[in-house]
Amino acid sequence: MEIRFYNTLSHSVELFHPIDANEVRMYSCGPTVYDYAHIGNFRSFLFADLIRRFLEVSGYRVHHVMNITDVGHMTEDAVADGGGEDKMQVAMRKLKEGKKSGKAQEGAIENPDDPYQIAAYFTKAFLADAKRLGMKVAFEHPQNVLHATAYIDEMLAMIRDLIERGHAYAAQGVVYYSVESFPEYGKLSGNTLDKVQAGSGGRVSEEELATKRHPADFMLWKADPRHIMKWDSPYGQGYPGWHIECSVMARKALGDVIDIHTGGEDLIFPHHECEIAQTCGATGNDRFANFWMHARFLMVEGEKMSKSKGNFFTARDILGGKATGRAVHPAVLRFELIKSHYRANMNFTVKGLADSASAVRKLIEFRQSLDEKTGGEAATVDASHPVLKTFLEALSDDLNVSGALGVVFPWIAGDHPDPHESLAVFQEINCVLSVAPIEPFEGDAISLEGEGEELPVNDLCRQMDDARARKDWSAADTIRKTLQDAGYEVRNSPNGTVATRQLA
RNA sequence: GGCGCCGUAGCCAAGUGGCCUAAGGCAGUGGAUUGCAAAUCCACCAUCCCCGGUUCGAAUCCGGGCGGCGCCUCCA
C-alpha cells in the first residue's frame with residue numbers, strides 16, 4: 001500500500017517512505033507547560049497521534065518523540081533577543097492571582113515562586129489530559145516525552161558546534177544563529193531572507209540591529225543572570241533560545257535525519273524554519289526531517305479561539321462540561337478533534353460535539369455487541385481484509401479520516417455473520433481511531449454505566465420495569481424523565497430497561 | 001505588500017476528468033416497531049460559490065471574479 005502525505009517542505013503530496021524500511025522516526029512539537037493545554041493544542045497533538053497509529057496499523061514500528069517545553073522563555077522571544085517578560089514568571093503571577101485557565105488544585109504547588117514546581121504541575125496536568133484523550137506517546141513518558149530542561153548541556157554542545165562551523169556568533173551576551181550562513185533558510189515557510197527583511201519594517205529595534213548581523217538572525221543563548229531559570233554557559237549564565245531544544249532533542253532521540261516532524265501551522269515559521277537551520281548547520285546534512293506535517297488551526301464557533309472572546313477552552317474545560325453543560329466523554333472529544341482533515345481549519349462547535357457523541361456511541365455499542373457475542377475472542381485478520389483495506393487506503397491518502405469513517409459506518413450497519421472476524425476488524429480500526437474504547441485506556445474509558453452516581457440508576461430501571469409490567473404508564477414515564485434529566489439515555493427492551501450516561 | 005490553505009445538502013464532510021442520475025455522519029421528514037418514547041430497520045432529503053474557457057464529457061483541468069481562513073510577530 002502506498003502512503004502519501006502532504007509535505008509542507010515541498011508544498012505537495014508525496015509518497016512516504018521511511019529511511020529505515022520498518023521503523024518510522026517521528027518528532028512532534030509538544031506543549032509549553034505554563035498553563036493547561038487547550039483544545040487547539042490537542043488538535044495538533046492528536047493529529048500526530050493519528051499519524052502514528054495509522055503507521056503502526058500499516059505495519060511500521062514508530063518511534064514517536066514529543067517535547068515538553070519547560071524552560072521559561074520570554075514573552076517576546078523570537079523577534080528580538082529575548083525581550084518582554086519571562087513566561088514562567090507570568091505563569092507564577094497568574095497562578096497567584098487565580099487567573100489561570102483553570103484552578104490549580106489546592107496544595108498542588110507548594111511554592112508558586114519555584115518555576116520548576118509550576119512546570120512540573122502543568123506537565124502532570126498535560127500528561128493526564130493526553131492520556132485521557134488516548135495520546136499514545138503520553139503513556140511513554142518519560143522515555144519518549146522529553147523535557148527541555150534535561151537537555152541544556154546538549155543544547156550548549158550544539159551551540160558550540162554551530163559557532164565552530166560558522167553558523168553562529170556571540171554578540172553582547174547573546175549567541176545568534178546567522179541565517180545568512182544557511183542558504184536554505186526560508187525554504188520551509190517561503191519566508192526567504194529578502195522577504196523577511198522586507199517584512200520586518202519597524203519591528204526590529206535599532207539596538208538589536210546593531211548587534212545582529214542580519215535582522216532575521218535568531219537567538220540561541222542569552223546571558224541574563226536575572227532570568228528565573230538559568231544555567232551556566234561559556235557565554236554567561238543565562239537561558240537557551242526557544243528553537244534549539246527541538247533540534248537537540250530530536251537529534252539525540254531519533255538521529256540526524258528523521259522521517260516526520262509535526263506541529264501546528266503556526267510553528268512553520270519561525271520555529272521549524274529555525275530548527276532546520278540549526279540541525280542542518282550542526283549535522284552538515286541538507287535535511288533534518290524528510291516530511292514536515294502541520295495541522296491547521298482550530299476555530300471555535302467560527303471564530304479564532306481567544307481568551308478575550310470567551311471561547312477559549314482547555315481540554316479539561318470541555319471534558320468537564322464547560323461548553324455543553326454536561327460532562328463530555330473523552331472519546332467524544334478525541335473523535336471530534338480527529339474527525340476532520342488536519343489540513344483544513346476545523347470549526348469546533350457544541351453541535352459538532354453532540355454529533356461526535358452520537359457517532360462514538362454507535363461505535364462503542366457496536367463494539368460491546370461484538371464482545372458479548374464472541375466473549376471477546378477475535379479471529380485473526382490482516383490488512384488484506386476488504387474492510388480494513390479500504391479503511392487504510394483512505395487514510396493512506398494524506399490521512400483522509402472522513403473517507404475512512406465513510407467505510408466504517410456502513411460496515412457497522414451491515415450484517416455480521418462472523419462476529420469473531422468482525423471483532424478482529426474492529427479492533428484494528430480502533431487501533432487508529434481509539435474511541436471504542438480509548439486505547440490504551442485507564443479506568444472506565446469504555447463504560448457507559450452510571451456507577452457511583454447520585455442516582456440509583458439500576459434500581460430506577462427495575463422500578464420502571466415493574467411499573468411497565470403493571471401498565472402504570474405515568475409512573476414509568478416519571479422514572480424515565482428523572483433519568484433523562486440526570487443525563488441518561490433510557491431504553492426499554494424485553495430484557496429490561498437500560499439507562500446509559502449521555503456521552504456529551 | 002509577500003507566502004499558503006480553502007469554498008460540495010441545515011451542519012460536519014468524501015469524491016479531484018466518464019461507474020457522480022455526488023460516500024459517510026449528524027439533524028430533519030415519512031413508514032415499520034413501541035403503552036408513549038428511545039434505540040433499531042426501510043424510504044426520502046444536494047447538480048457541487050459565480051462567470052468564462054479547455055474537452056465528446058468537469059464538482060473534478062485552466063483563467064478571472066467573489067467569499068472565508070492562516071502565516072509573515074508569542075501562539076498547536
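The figures that follow rest on heavy atoms only: side chains count, while hydrogens, waters and symmetry mates do not. Throughout, protein chains are lettered first and strands after them, A, B, ... in sequence-line order, and every chain is numbered starting at 1.
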Is [X] touching bases, backbone alone, or none of the nucleic acid, heavy atoms closer than 4.0 Å?
{"X": "A:Glu265", "answer": "sugar-phosphate"}
{"X": "A:Gly263", "answer": "sugar-phosphate"}
{"X": "A:Leu267", "answer": "sugar-phosphate"}
{"X": "A:Thr349", "answer": "nothing"}
{"X": "A:Phe409", "answer": "sugar-phosphate"}
{"X": "A:Lys351", "answer": "base"}

In Watson-Crick or G-U wobble terms, both distances under 3.5 Å, what is the partner of [N]?
{"N": "B:G17", "answer": "none"}
{"N": "B:A9", "answer": "none"}
{"N": "B:U40", "answer": "B:A32"}
{"N": "B:A59", "answer": "none"}
{"N": "B:G4", "answer": "B:C69"}
{"N": "B:C75", "answer": "none"}

Counting distance alone, no hydrogens or angles: does the base of B:A37 have a donor or acceptor under 3.5 Å from a partner atom on the side chain of A:Arg491? no
Can you say whether a donor on the side chain of A:Arg296 sits under 3.5 Å from an acceptor on the base of B:C6, or the other way round? no
Which whole number of Å gives the distance between the [atom1] atom of [N] and that of [M]?
{"N": "B:A59", "M": "B:U34", "atom1": "P", "value": "46 Å"}
{"N": "B:U33", "M": "B:A76", "atom1": "C1'", "value": "48 Å"}
{"N": "B:G67", "M": "B:G25", "atom1": "C1'", "value": "27 Å"}
{"N": "B:A22", "M": "B:G18", "atom1": "C1'", "value": "14 Å"}
{"N": "B:G15", "M": "B:C51", "atom1": "P", "value": "25 Å"}
{"N": "B:A27", "M": "B:G70", "atom1": "C1'", "value": "30 Å"}
{"N": "B:A46", "M": "B:C36", "atom1": "P", "value": "32 Å"}
{"N": "B:C74", "M": "B:G24", "atom1": "P", "value": "46 Å"}

Which residues share a side chain to side chain donor-acceptor pair (under 3.5 Å) with A:Glu336, sequence neighbours left out: A:Lys339, A:Ser356
List in chain and number order the residues that pass side chain to side chain donor-acceptor pair (under 3.5 Å) with A:Glu428, two or more places apart in sequence or in another chain; answer none if no residue qualifies. none
Which residues share a side-chain contact (heavy atoms from CB on, under 4.5 Å) with A:Ala467, sequence neighbours left out: A:Arg470, A:Asp472, A:Ala475, A:Ala476
Please enumerate all residues that pass side-chain contact (heavy atoms from CB on, under 4.5 Å) together with A:Thr279, with sequence neighbours excluded. A:Ser247, A:Thr283, A:Phe288
By nearest nucleotide on RNA chain B, pick out whichever of A:Ala476 and A:Leu405 is the more 5' one. A:Leu405
Any residue meeting ring-ring contact (aromatic ring centres under 6.0 Å, His included) with A:Tyr27, in chain and number order, not counting sequence neighbours: A:His261
Under the ring-ring contact (aromatic ring centres under 6.0 Å, His included) test, residues paired with A:Phe391 that sit two or more places apart: none
Would you call the rings of [X] and [Y] parallel, tilted or perpendicular if under 30° counts as parallel and over 60° as perpendicular?
{"X": "A:His227", "Y": "A:Tyr239", "value": "parallel"}
{"X": "A:Trp292", "Y": "A:His294", "value": "parallel"}
{"X": "A:Trp411", "Y": "A:Phe426", "value": "parallel"}

Contact pattern, 5' to 3', of nucleotides 12-20 of chain B - B, S or - by protein heavy atom under 4.0 Å: SSSS-----
Expected string for nucleotides 40-49 of chain B under the B/S/- scheme (protein heavy atoms, under 4.0 Å, primed atoms plus P, OP1, OP2 as sugar-phosphate) is S---------
Centroid-to-centroid, A:Phe126 to A:Phe42, below 6.0 Å? yes
Could you check whether A:Tyr176 and A:Phe218 have their ring centres less than 6.0 Å apart? no
Scan nucleotides 30-32 of chain B against the protein and return all N/O pairs shorter than 3.5 Å with their distances rounded to 0.1 Å.
none

Can you tell me which nucleotide in [options] comes closest to the side chain of [X]?
{"X": "A:Arg43", "options": "B:A76, B:A27, B:G35", "value": "B:A76"}
{"X": "A:Phe269", "options": "B:C5, B:C72, B:C36", "value": "B:C72"}
{"X": "A:Lys304", "options": "B:A37, B:C11, B:C71", "value": "B:C71"}

Can you pull the ring-ring contact (aromatic ring centres under 6.0 Å, His included) pairs that have at least one residue in residues 336-358 of chain A, sequence neighbours excluded? A:Phe47-A:Tyr342
Distance in angstrom units between A:Asp266 CG and B:G4 P, rounded: 19 Å
Does A:Glu140 have any salt bridge (Lys or Arg N to Asp or Glu O under 4.0 Å) partners at least two apart in sequence or in another chain, and if so, which? A:Arg52
Which pairs pass salt bridge (Lys or Arg N to Asp or Glu O under 4.0 Å) with one or both residues in residues 266-278 of chain A, sequence neighbours excluded? none
